[in-house]
Number of protein chains: 2
Amino acid sequence: MATAPDRLRKAVEKLKATGVRMTPQRHAILEYLLSTMSHPTADEIYKALEKDFPNMSVATIYNNLRLFKEAGLVRELTYGDSSSRFDANMSDHYHIICRRCGKITDFEYPPLIEVEEEAARKTGFRVDSHRMEVYGLCAECQ
Amino acid sequence: MATAPDRLRKAVEKLKATGVRMTPQRHAILEYLLSTMSHPTADEIYKALEKDFPNMSVATIYNNLRLFKEAGLVRELTYGDSSSRFDANMSDHYHIICRRCGKITDFEYPPLIEVEEEAARKTGFRVDSHRMEVYGLCAECQ
DNA sequence: ATAACTGCAAACGTTTTGCTACGCA
DNA sequence: TGCGTAGCAAAACGTTTGCAGTTAT
């Protein structure tokens, strides 16, 4: 398991390799995403970094999130609720979401390759990925 | 396999049992949802029914979709794209989505019960459901 | 008759865009 | 120094809401 600073350094390298520049704001957003397990929304990132960057605009958050997504550093999670969440944990894992408090918890499970294969067989698609989430009530909300 | 008019009749019954009234607009929206495999957005439903109901408002579409959802007649699909899609096929099935043209195709696969069980075991959640989609390129887009 | 519904327009929250000034490389 | 980027505000977008008039039961 790589340490947090280690993952940050690798992410910065990967970003720079795509030709983008490192700005303090960009660095802070990336660092925050890599440090948290909370799958924050754009607005939550905005609020979390407000004290360090009182002048940062939401547009900067969104611009950078798009950039990170394109670089393969974060995943966008679109659940039923109003806003997207962002996950910088790119390892194979799935999410379980509490219907009551909205908490998102990671859990490990072997990738569902056989579902992808069966879907490809039945539909004629060329499959590249899948997504799965489980819903329920977390321990506190039961 | 039930016929389309048959499913419509059953759906109307189920709705009426919840105490709502049947209006021509409501009936048309429901009929359209049950007749198509295309998982339409609210706006697509709006456009499809425009010729029959030139004065129908989008609010009516949204009101009814919420009602249908609460009655368990349709499912709301929230993928990454900007707007929700609605699926009146309530049988156990999963979706495969084309990254290029956005087409959504149903495919059957045994429900992933064991994933739910494992998630519950690992996280302490009480699980009630899950959601899964496969992504790729459809036969035409490859 | 009356409670539920439609249509309309305005409001809402999230995300995107156009632009100017700034600052990293 | 030059191009990419941040900040700002306005716009865009899908969706929800409040209300007045209409309609199914």
Side-chain angles (χ1 to χ4, degrees), chain A residues 12-33 39-71 73-86 102, chain B residues 12-33 39-71 73-86 102:
Chain A
V12 169
E13 267 171 36
K14 191 166 177 181
L15 257 187
K16 286 195 166 175
T18 72
V20 304
R21 294 178 185 168
M22 257 308 156
T23 65
Q25 293 89 337
R26 179 162 298 160
H27 193 272
I29 297 169
L30 194 51
E31 182 172 30
Y32 180 70
L33 278 167
H39 313 84
T41 62
D43 194 59
E44 282 164 6
I45 300 171
Y46 180 66
K47 288 191 168 57
L49 300 181
E50 211 167 25
K51 56 179 191 312
D52 293 327
F53 298 89
N55 297 318
M56 184 159 58
S57 103
V58 274
T60 298
I61 308 272
Y62 281 107
N63 285 340
N64 279 291
L65 288 172
R66 179 162 37 81
L67 213 70
F68 298 164
K69 234 177 16 172
E70 285 165 6
L73 294 171
V74 306
R75 257 192 288 258
E76 184 173 0
L77 312 175
T78 54
Y79 303 139
D81 47 340
S82 46
S83 47
S84 288
R85 299 188 159 272
F86 296 87
Chain B
V12 169
E13 268 171 34
K14 191 166 177 180
L15 257 186
K16 285 196 168 175
T18 71
V20 305
R21 296 176 183 169
M22 265 331 274
T23 64
Q25 293 89 338
R26 178 163 298 161
H27 194 273
I29 297 168
L30 193 51
E31 183 173 28
Y32 180 70
L33 278 167
H39 314 85
T41 62
D43 193 60
E44 282 163 8
I45 300 170
Y46 180 67
K47 287 193 168 57
L49 300 182
E50 210 167 26
K51 56 180 191 312
D52 293 327
F53 299 88
N55 296 318
M56 184 160 58
S57 104
V58 274
T60 298
I61 307 273
Y62 281 107
N63 285 341
N64 280 290
L65 287 172
R66 178 161 39 80
L67 214 70
F68 298 164
K69 235 180 11 176
E70 285 166 5
L73 293 172
V74 305
R75 256 192 288 259
E76 183 173 0
L77 311 176
T78 54
Y79 302 141
D81 48 339
S82 45
S83 47
S84 288
R85 300 188 159 273
F86 296 87

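Because only heavy atoms are used, hydrogens play no part in the values below, and waters and symmetry mates are left out as well, while side chains stay in. Computed from a predicted structure; not experimentally measured.
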Would you say R26(B) reaches dC5(C)'s phosphate, i.e. side-chain N/O to OP1/OP2 under 4.0 Å? yes
So if I take every side-chain heavy atom of N63(B) and compare against dA24(D), dT17(D), dG14(D), which nucleotide ends up nearest? dT17(D)
Please state whether the phosphate of dC8(D), meaning OP1 or OP2, lies under 4.0 angstrom from any side-chain nitrogen or oxygen of S57(A). no
Rounded to the nearest Å, what distance is computed from the NE2 atom of residue H27(B) to the P atom of nucleotide dT23(D)? 18 Å
Are S57(A) and Y46(A) close enough that some pair of their side-chain heavy atoms sits under 4.5 Å apart? no
In whole Å, what is the span from the CD atom of E50(B) to the P atom of dG7(C)? 12 Å
Donor-acceptor contact present, side-chain E70(B) to main-chain L67(B), <3.5 Å: no
Can you tell me how far C1' of dG4(D) sits from CZ of R21(A), to the nearest Å? 4 Å
DNA chain D nearest-nucleotide lookup for L67(A) and A59(A): closer to the 5′ end is L67(A)
Can you tell whether the side chains of R85(B) and E76(B) come within less than 4.0 Å, N to carboxylate O? no
Starting from P on dC8(C), measure out to OH on Y62(B) and report it in whole angstrom. 17 Å
For a quick test of reading the model: is some side-chain N or O of S84(A) closer than 4.0 Å to OP1 or OP2 of dT15(C)? yes
Y46(A) has an atom OH; how far is it from atom P of dT15(C), in whole Å? 14 Å
Hey, what do you get for CG (L77(A)) to CZ (F86(A)), rounding to the nearest 0.5 Å? 8.5 Å
Check the distance between dG7(D)'s P and N64(A)'s CG and give it to me in whole angstrom. 10 Å
Separation of dT6(C) P from I61(B) CD1 (nearest whole Å): 10 Å
Using only side-chain N and O atoms of T23(B), determine if any of them is under 4.0 Å from OP1 or OP2 of dA24(D). no
Determine the contact category for V20(B): base if any of its heavy atoms lies under 4.0 Å from a base atom, sugar-phosphate if only primed atoms, P, OP1 or OP2 are that close, otherwise nothing. sugar-phosphate
What's the NZ-P distance between K16(B) and dT25(D), to the nearest Å? 5 Å
Check whether R26(A) reaches the backbone of N64(A) with its side chain - one donor and one acceptor, N or O, closer than 3.5 Å. no
Strictly below 4.0 Å: does Q25(A) bring a side-chain N or O up to OP1 or OP2 of dG23(C)? no
How do F86(A) and P54(B) order along DNA chain C: which one's closest nucleotide is nearer the 5' end? P54(B)
